[in-house]
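Working notes, beginning with the structure itself.
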2 protein chains.
Amino acid sequence: MKEKDIFIRFLSDRGLRMTNQRGLILDAFLGTERHVSPEELYGLVRRKDGTIGQATVYRTLKLLTEAGLAREVDFGDGVLRYEHSYGHEHHDHMICERCHRHIEVVDERIEELQERLAKKYGFVLTGHRMYLYGICSECRRRKA
Amino acid sequence: MKEKDIFIRFLSDRGLRMTNQRGLILDAFLGTERHVSPEELYGLVRRKDGTIGQATVYRTLKLLTEAGLAREVDFGDGVLRYEHSYGHEHHDHMICERCHRHIEVVDERIEELQERLAKKYGFVLTGHRMYLYGICSECRRRKA
DNA sequence: TATCAAATGATTTTCATTATCAACAATGAA
DNA sequence: TTCATTGTTGATAATGAAAATCATTTGATA
Ligand SMILES: [Mn+2]
Ligand SMILES: [Mn+2]
Ligand SMILES: [Zn+2]
Ligand SMILES: [Zn+2]
């Protein structure tokens, strides 16, 4: 598995070790395509190893983020979520305010305009967060 | 003051009352152009009335938001901030990751593309949050 | 094997925000 | 005015996510 190798490499580069727990957490993380909260992931990992501590889940998610395997997603609801980063290009999110369904979107023209906007104000961009909130077609149909 | 009238109208429409505390909090809020956290505003209001409670500040900021006078801003640093909404059109934020300075920006073309992107996926937009993170010219100069 | 840093899980702590609640104040019939 | 009703407030407790603490265990290596 490519990701595990990357993680091991990342760890050893910083004098850290691959452990059983970290392996389980990585596997659980890779095993879901959801935007998963530490708490949710803790629930998943627990099924494989009931003795794992939730602090370890928090800690490992931070490490995965630094290793470039995970990415933090903040929908603004008070919980931090994580999504796959390796092999998953940057994208933004569109969220339905009624059913909380969300889809991943990218618009290259927007990305380009963001760069230009930054340049206009003398900024060099390091990243951005864009969340589009609305009502999905499902929910609009249901209401009608 | 236009804003105070709006607030009074908003309150009475919902069977609520304008009070001394709410008036002070509104004044303090209008008196600053910063993106202010409840805690910061609490500090400001306290100078005028040392007996005011911070719960009242939290409560009033929620009310101001519902009344369309304030708007929540979430820079993702764990504190919710509020900015003026009345007479201040929508805008997005560009934040320097080094000095935390931030400027307000709008790009009509981006706004337009966001609408189109939403339509493409069957969403009707109700709002969006866009934060551009980067390094400002000041900070880049300082480093060099 | 002895040493020492890293890792873990349980637990406590922090911090922002919300809920609770008793005391108080405004409103508006009667 | 009196009285009941309802909104308001401030102090305080509760909540919930995340981070810090710490004693103990584990692993690498000299
Ligand atoms: Mn995503
Ligand atoms: Mn602003
Ligand atoms: Zn929906
Ligand atoms: Zn700067």
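In the text below, chain A, chain B and the rest are named by the order of the sequence lines, each starting its count at 1.
- Residue Thr19(B) places at least one side-chain N or O under 4.0 Å from the OP1 or OP2 atom of dT9(D).
- Look at Thr56(B) and you won't find any side-chain N or O under 4.0 angstrom from OP1 or OP2 of dT9(D).
- When the P atom of dT17(C) is taken as reference, atom OH of Tyr82(B) falls 7 Å away, rounded to whole Å.
- Checked by distance alone, Arg14(B) brings no side-chain donor or acceptor within 3.5 Å of a matching partner on the base of dG7(D).
- The distance from atom CG of Asp77(B) to atom C1' of dA17(D) is 15 Å, rounded to the nearest whole Å.
- Rounded to an integer number of Å, the gap from OH of Tyr58(A) to P of dT8(C) is 17 Å.
- Transitive grouping of hydrophobic side chains (ILVMFWY, heavy atoms separated by less than 4.5 Å) keeps Tyr58(B) and Val73(B) in distinct clusters.
- Between dG9(C) and Gln21(A), a contact under 4.0 Å exists linking OP1 or OP2 to a side-chain N or O.
- Using a 4.5 Å heavy-atom cutoff, the side chains of Tyr121(A) and Ser137(B) are not in contact.
- A straight line from CD of Glu39(A) to C1' of dA17(D) spans 8 Å, rounded to a whole angstrom.
- Atom P of nucleotide dA16(C) and atom CG of Leu80(A) are separated by 17 Å, given to the nearest angstrom.
- Residue Thr51(B) is in sugar-phosphate contact alone, with no base atom involved, counting any heavy-atom pair closer than 4.0 Å across all strands shown.
- Between Asp27(A) and Lys4(A) there is a salt bridge, since a side-chain N of the basic residue sits under 4.0 Å from a carboxylate O of the acidic one.
- Using a 4.5 Å cut-off on side-chain heavy atoms (C-beta onward), Leu16(A) and Leu63(A) make contact.
- Atom CG of Asp5(B) sits in a crowded spot, with more than 12 heavy atoms from other residues, nucleotides or ligands closer than 6.0 Å.
- The residue among Arg17(B) and Gln54(B) whose nearest nucleotide of DNA chain D lies closer to the 5′ end is Arg17(B).
- In this structure, Leu11(B) atom CG and dG7(D) atom P are separated by 13 Å, rounded to whole Å.
- Summarising the geometry, the separation between CE on Met18(A) and P on dA5(C) is reported as 23 Å, rounded to the nearest angstrom.
- Rounded to whole angstrom, the span from the CD atom of Glu40(A) across to the C1' atom of dA17(D) amounts to 13 Å.
- Toward the 5′ end of DNA chain C lies the nearest nucleotide of Gly78(B), the other residue of the pair Ala55(B) and Gly78(B) mapping further downstream.
- Here dA19(D) is the nucleotide among dA19(D), dT17(C), dA10(C) with the atom lying nearest to any side-chain atom of Lys62(A).
- Contact annotation: side chain of Arg22(B) to base of dT9(D), donor-acceptor pair absent below 3.5 Å.
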